[in-house]
Each structure stands twice: as structure tokens, then as C-alpha cells.
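Taking it in order: structure first as C-alpha cells, then the write-up.
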Protein chains: 2
Amino acid sequence: MTSHTTRQRAAVLEGLAGCKDFVSAQELYALLTANRTRVGLTTVYRTLRDLEAAGGVDVVRDDSGERLYRQRPDGGHQHYLICRSCGHSRPVDSGVVEEWADHITAATGFTAVEHTVELSGICTGCQPSPPKDR
Amino acid sequence: MTSHTTRQRAAVLEGLAGCKDFVSAQELYALLTANRTRVGLTTVYRTLRDLEAAGGVDVVRDDSGERLYRQRPDGGHQHYLICRSCGHSRPVDSGVVEEWADHITAATGFTAVEHTVELSGICTGCQPSPPKDR
DNA sequence: ATGGACATGGAATTCATTTTCATCTAGGTT
DNA sequence: AACCTAGATGAAAATGAATTCCATGTCCAT
């Protein structure tokens with residue numbers, strides 16, 4: 001029925017897998033194009049959207065609201081700590097938050113509760129290091 | 001130096017105060033306009049942006065990425081549980097999450113860590129009510 | 001009232017994302 | 001092998017929030 005495994009989709013998947021950190025659809029498209037992989041921007045967006053729906057990727061939004069995607073490491077969903085300077089991302093243990101979210105759900109009577117948690121900071125490598133005046 | 005208290009700004013502030021829940025800049029603009037308050041869309045955006053920078057409002061993004069603003073109830077920042085159906089929002093106690101975020105900060109060496117937490121669900125009033133068979 | 005610093009807002013611009021739609025393709029069928 | 005067709009593709013156009021331009025307006029001190 002759905003989902004043929006086309007050359008294009010495979011390329012998007014592979015491109016995504018090659019990224020350790022979060023990438024935007026635009027970046028991924030540029031990356032693939034630069035790599036001489038012929039894929040349409042529309043297809044990149046479509047594939048990413050489908051992946052998101054299927055739960056194959058984690059998604060965050062950067063400051064400008066642009067969607068950033070990252071292949072999901074393991075089973076359940078993951079939360080990340082992202083460096084605002086270099087963009088490097090690392091998954092963080094969020095068990096506490098999951099429990100908290102469940103608790104809120106139970107306490108409020110709301111159903112189908114979903115949560116988004118985004119952490120950003122400056123990683124050790126991007127620290128304003130040597131206070132070189134100026 | 002900055003911030004004259006102009007009629008327009010006051011109107012935006014007042015309009016925002018009159019909203020119990022989150023509103024987008026566009027909605028607020030429409031609301032003010034409908035109220036015969038002459039304010040430019042640009043000014044609404046500007047005022048909201050300034051408010052955000054000054055920490056006077058809490059901001060979330062809806063599914064489409066649109067920014068939604070809500071006057072901040074009290075002191076520190078707040079997290080909310082928003083109904084995806086009617087848009088009603090209620091602040092939730094997020095002490096646990098704050099602690100967790102601090103802990104992550106300490107454990108990773110990242111500095112200037114900021115966090116965004118968004119909860120959404122279906123409130124009791126919007127429940128798919130009568131389970132009219134399948 | 002005069003000057004200038006800041007504020008305003010309509011129009012134009014930017015830019016990610018989505019739609020449209022004509023065309024192509026995979027892969028099953030005869 | 002030739003054929004069919006649901007699904008996939010992608011260039012171009014559309015959408016829409018948010019921002020930038022910039023000419024004009026407004027408040028305040030001198």
C-alpha cells in the first residue's frame with residue numbers, strides 16, 4: 001500500500017543517519033544536493049514529515065521556529081540538550097520529566113497529554129574561553 | 001531612553017491582560033482592531049517581542065510554529081498545560097522540572113542552560129464526550 | 001516652537017513549509 | 001515483454017507568520 005522504498009527516500013534517510021546532530025529540512029536538502037544526490041526539496045520535507053509521524057525522528061524547533069530533525073537513537077522518545085553555539089546535541093535522561101508529565105495528566109483530567117521539552121545551553125567546547133579582551 | 005508609554009503599547013498590554021489564555025500576535029491584532037483600537041500589526045509584534053525580552057510574558061509555539069503569548073501570572077517563569085481543542089491553558093507546578101533542569105546543567109558542564117517545556121492535551125470539557133459507538 | 005530621539009504602521013520582503021499538479025516509476029498483472 | 005495504475009516525485013506557485021524599510025508622527029527638554 002504505502003511507502004515504496006524509493007531512491008529518494010533512502011537518500012534522505014541515509015543523509016539523516018549521517019548527521020550526528022539536528023538538521024533542518026533545508027540543510028539536509030542542501031547537503032544531499034551538494035552530494036550530487038538528486039532529490040527534490042518537497043520530497044525531503046515529505047519524508048521528514050512521514051518519519052516524524054512514524055516516530056522515527058525527534059524534532060525540535062530552533063529559535064527562529066525552524067524544525068530540526070534528528071534520527072532517534074533508541075526506543076522511546078528522547079529529549080536533548082543542544083548547544084546554542086555549535087549546535088551539538090546530546091540526549092539527556094528524562095525519566096523524571098516523563099513521570100512528572102504522567103502525574104500532571106492524572107492530576108488534571110486532561111487526556112492524550114503530549115509534552116515537548118527542549119534544553120539548550122553553551123557546551124564546554126564553546127565556552128567564551130580566554131577572555132581575550134576586546 | 002527607551003519605552004515611552006504610548007497609547008498603542010498600553011492597548012496591546014491591556015488586550016493581552018484581557019486574555020486568560022494564550023493568543024497569537026495576529027489574534028491580538030484582530031482583537032484590538034475589532035475593538036476599534038487603532039494599532040498597527042507591526043507595533044503588536046514589536047510590543048510582544050519587547051515584552052518577551054523583558055520577561056513579562058510566557059511564550060509557547062502551537063503546532064504550526066506560531067508564537068502564542070500569555071501574560072505571566074507571577075514571579076518566575078511558568079509552564080502550561082494547553083488544551084489542543086479549545087486552547088484553554090492552565091499553569092502547572094513545574095518545580096520538579098526546574099530541579100531536573102538544574103541538575104542536567106550541573107551534570108553536563110553546559111552553561112546558560114535554558115529550557116522550554118510544553119504540555120498539551122484534551123481538557124475535560126473537550127472530551128470526545130458521548131462515545132457514540134465507533 | 002524647535003530639534004531630535006524614539007515610536008508608528010503600511011508596504012514590501014523574507015523564508016520555512018505546504019499545495020498544486022503534471023509527470024514519472026515501481027512492481028504487480030496479464 | 002508490454003501494460004496498468006496507485007503511489008511518488010519535484011518545479012513552481014501559494015501560504016502565512018514574522019521582520020525590515022522608511023516616511024511620517026509624537027513626546028519631551030531646552
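We name chains A, B, ... by the order of the sequence lines, and we start the count at 1 in each one.
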Parallel under 30°, tilted from 30 to 60°, perpendicular over 60°: which one fits the rings of A:His79 and A:His115?
->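 Geometry flag for A:His115 against A:His79: tilted rings.
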Could you pull out all residues at least two apart from B:Ala30 that satisfy side chain to side chain contact (heavy atoms under 4.5 Å, CB included)?
->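 So B:Ala30 forms no side chain to side chain contact (heavy atoms under 4.5 Å, CB included) with any residue.
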For nucleotides 9-21 of chain D, just jot down a letter per nucleotide in 5' to 3' order: B, S or -, based on protein non-hydrogen atoms under 4.0 Å.
-> BBBB----SBBB-
4.5 Å side-chain heavy-atom contact, B:Arg67 and B:Arg49 | no
How about B:Val57 and B:Leu16: do any of their side-chain heavy atoms sit closer than 4.5 Å?
->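 Result yes, sub-4.5 Å side-chain heavy-atom pair found.
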Go through the steps for B:Thr111 and A:Gln127 under the test side chain to side chain donor-acceptor pair (under 3.5 Å), then give the verdict.
-> CA-CA 8 Å; B:Thr111 57; A:Gln127 228 61 240; 2.5 Å; yes
